[in-house]
Amino acid sequence: MSISLHGRVAVVTGAGNGLGRSHALALAAHGARVVVNDLAEADAERVAAEIRAAGGEAIGIAASVTDAGQVAAMVEQAIGEWGAIDILVNNAGILHDKSFAKMDLADFRLVVDVHLMGAVHCTKAVWDHMRARNHGRIVFTTSSSGLYGNFGQANYGAAKMALVGLMQTLAIEGAKNGIHVNCIAPTAATAMTADIFDETTLARLTPDRVSPAIVMLASDAAPTRRVILAGAGSFEQANITMTQGLFLGAEDDVAGALLDRLDGVADRAGELVPGTGFDQCRHEIAAASAPVGA
């Protein structure tokens, strides 16, 4: 299925280089008008000029996603320029890697502020606008470091997993207004990964092999509430699931029984994908209310 984004306006944060630049170019190539955001004005304008040189429409706007006022001004400028914002790609991010034992709390806060609060600022700035138009496509950039963990990335992993929780709730709240909210977990050769992989691997992990997932998630036919993983031209989906579990409420020593039967609690046969957080409660009440031996 061919995807056209003609008539749509996209904001991509952290788009002066790396993945953000690739996302901006890909969205523009599919017809979107693109607001290229970056902390550095020269980088934002360079990518915007690259899009315009290829026949697309783009403006570069320097703003820090950690500054709600700057973000609001960027959104106002974009709407003033093109009348709408249809797509928001929250891509801006930084790394301050250290083991938790050696990590300064200021480094922890800074990474959470950029990744989590930066995405909150940008999303909040477009949310009412999208609600009023009954259309919106929002993408948060999560990471396998949040989904599965990585040594030395407690701050980064915490921020990235928080974005999944934000997506889960905003997808529910935005559904009635046509706002689809998703996450992408990319693997790509960028300044953030240059020291991690060898040259052969880096050659396969070009950012442009991730960006097709962004185009799909920006489209009118996009799903909602998905965590799409992408790297080297391969695409996967991560799921937050709940096992069927075991009811142990009638045991004399519930803690001991839980330890003894933990494999049964963890058995993934028939696992569930809850529709909301309240489904955990419903499941547990149903288990507690079931006839003995059922």
Side-chain angles (χ1 to χ4, degrees), residues 1-65 70-93 118-119 122-123 125-126 129-130 133 135-141 178-182 184 186 188-191 205-223 228 230-231 233 235:
M1 179 186 298
S2 180
I3 292 175
S4 172
L5 299 176
H6 286 280
R8 297 300 187 190
V9 177
V11 175
V12 184
T13 67
N17 294 282
L19 277 167
R21 171 183 171 273
S22 178
H23 298 341
L25 293 175
L27 291 167
H30 283 77
R33 291 172 287 186
V34 182
V35 176
V36 180
N37 161 258
D38 201 84
L39 194 58
E41 184 176 0
D43 288 342
E45 181 50 38
R46 175 178 46 78
V47 175
E50 191 175 353
I51 290 171
R52 293 193 296 267
E57 296 183 69
I59 55 174
I61 302 179
S64 170
V65 297
Q70 290 184 25
V71 169
M74 174 178 68
V75 167
E76 184 177 350
Q77 182 178 342
I79 294 173
E81 182 79 16
W82 288 316
I85 293 176
D86 304 288
I87 301 156
L88 171 62
V89 180
N90 289 290
N91 171 76
C122 294
T123 303
V126 303
H129 172 73
M130 289 181 172
R133 298 181 69 242
H135 179 85
R137 298 291 181 267
I138 296 172
V139 182
F140 295 120
T141 304
I179 303 173
H180 292 195
V181 188
N182 295 282
I184 185 166
T190 68
L205 292 172
T206 53
D208 62 293
R209 296 191 181 187
V210 172
S211 296
I214 293 292
V215 173
M216 182 274 290
L217 293 174
S219 70
D220 286 356
I228 301 297
F235 303 90

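Computed from heavy atoms alone, side chains included, the values below leave out hydrogens, waters and symmetry copies.
Here the closest non-hydrogen pair linking A222 and R137 is CB-NE, 3.7 Å. Here the closest heavy-atom approach between residue V210 and residue G231 is recorded as CG2-CA, 4.2 Å. Taking every heavy atom of both residues into account, W82 and V34 meet most closely at CH2-O, 3.6 Å. Of all the heavy atoms in A15 and A24, the pair that sits closest is CB-CB, 4.4 Å. Across all their heavy atoms, A62 and A40 have their closest contact at CB-C, 4.4 Å. Listed here is the closest heavy atom pair of L39 and S64: CD1-CB, 3.5 Å.
In this view, T123 and N90 satisfy the side-chain hydrogen bond (donor to acceptor under 3.5 Å, both in side chains) rule, not counting sequence neighbours. Considering only residues two or more places apart in sequence or on other chains, R33 meets the salt bridge (Lys or Arg N to Asp or Glu O under 4.0 Å) condition with none of them. T141 pairs by the side-chain hydrogen bond (donor to acceptor under 3.5 Å, both in side chains) definition with nothing, not counting sequence neighbours. Residues passing the side-chain hydrogen bond (donor to acceptor under 3.5 Å, both in side chains) test with T206, sequence neighbours excluded: D208.
Side-chain contact check for H180 versus I138: every heavy-atom pair is 4.5 Å or farther apart. The shortest side-chain heavy-atom distance between F140 and V181 falls under the 4.5 Å cut-off. In this structure, the side chains of D43 and N17 come closer than 4.5 Å at one or more pairs of heavy atoms. Side-chain contact check for L88 versus C122: some heavy-atom pair is nearer than 4.5 Å. L5 is listed as a side-chain neighbour of I3, based on a closest heavy-atom distance under 4.5 Å.
Counting only residues at least two apart or in different chains, salt bridge (charged side-chain N to carboxylate O under 4.0 Å, His left out) contacts with residues 3-20 comprise R8-D86, R8-D220. Applying the salt bridge (charged side-chain N to carboxylate O under 4.0 Å, His left out) test to every pair with at least one member in residues 10-31, sequence neighbours left out, gives these pairs: R21-E50.
Although no hydrogens or angles enter the test, the distance criterion places no donor-acceptor pair under 3.5 Å between the side chain of H129 and the main chain of A125. No donor-acceptor pair closer than 3.5 Å links the side chain of N91 to the backbone N or O of V12. The closest donor-acceptor contact from the side chain of N182 to the backbone of V139 lies at 3.5 Å or more, if one exists at all.
A salt bridge does not link E41 to R46: none of the charged nitrogens lies less than 4.0 Å from a carboxylate oxygen.
How far CG of L217 is from OG of S211: 11.0 Å, rounded to the nearest 0.5 Å. With values rounded to the nearest 0.5 angstrom, I87 atom CD1 is found 6.5 Å from H135 atom NE2. Summarising the geometry, atom CD1 belonging to I214 is positioned 4.0 Å from atom NE2 belonging to H23; distances are rounded to the nearest 0.5 Å. How far CZ of R209 is from OG of S22: 11.5 Å, rounded to the nearest 0.5 Å. Separation of atoms CD1 (I79) and CD1 (I85) is listed at 4.5 Å; rounding is to 0.5 Å.
A 6.0 Å sphere centred on CD of E81 holds more than 12 heavy atoms belonging to other residues, nucleotides or ligands.
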Query - Audit row: V36, I59, side chain to side chain contact (heavy atoms under 4.5 Å, CB included) steps and yes/no - result: CA-CA 6 Å; V36 180; I59 55 174; over 6 Å; no
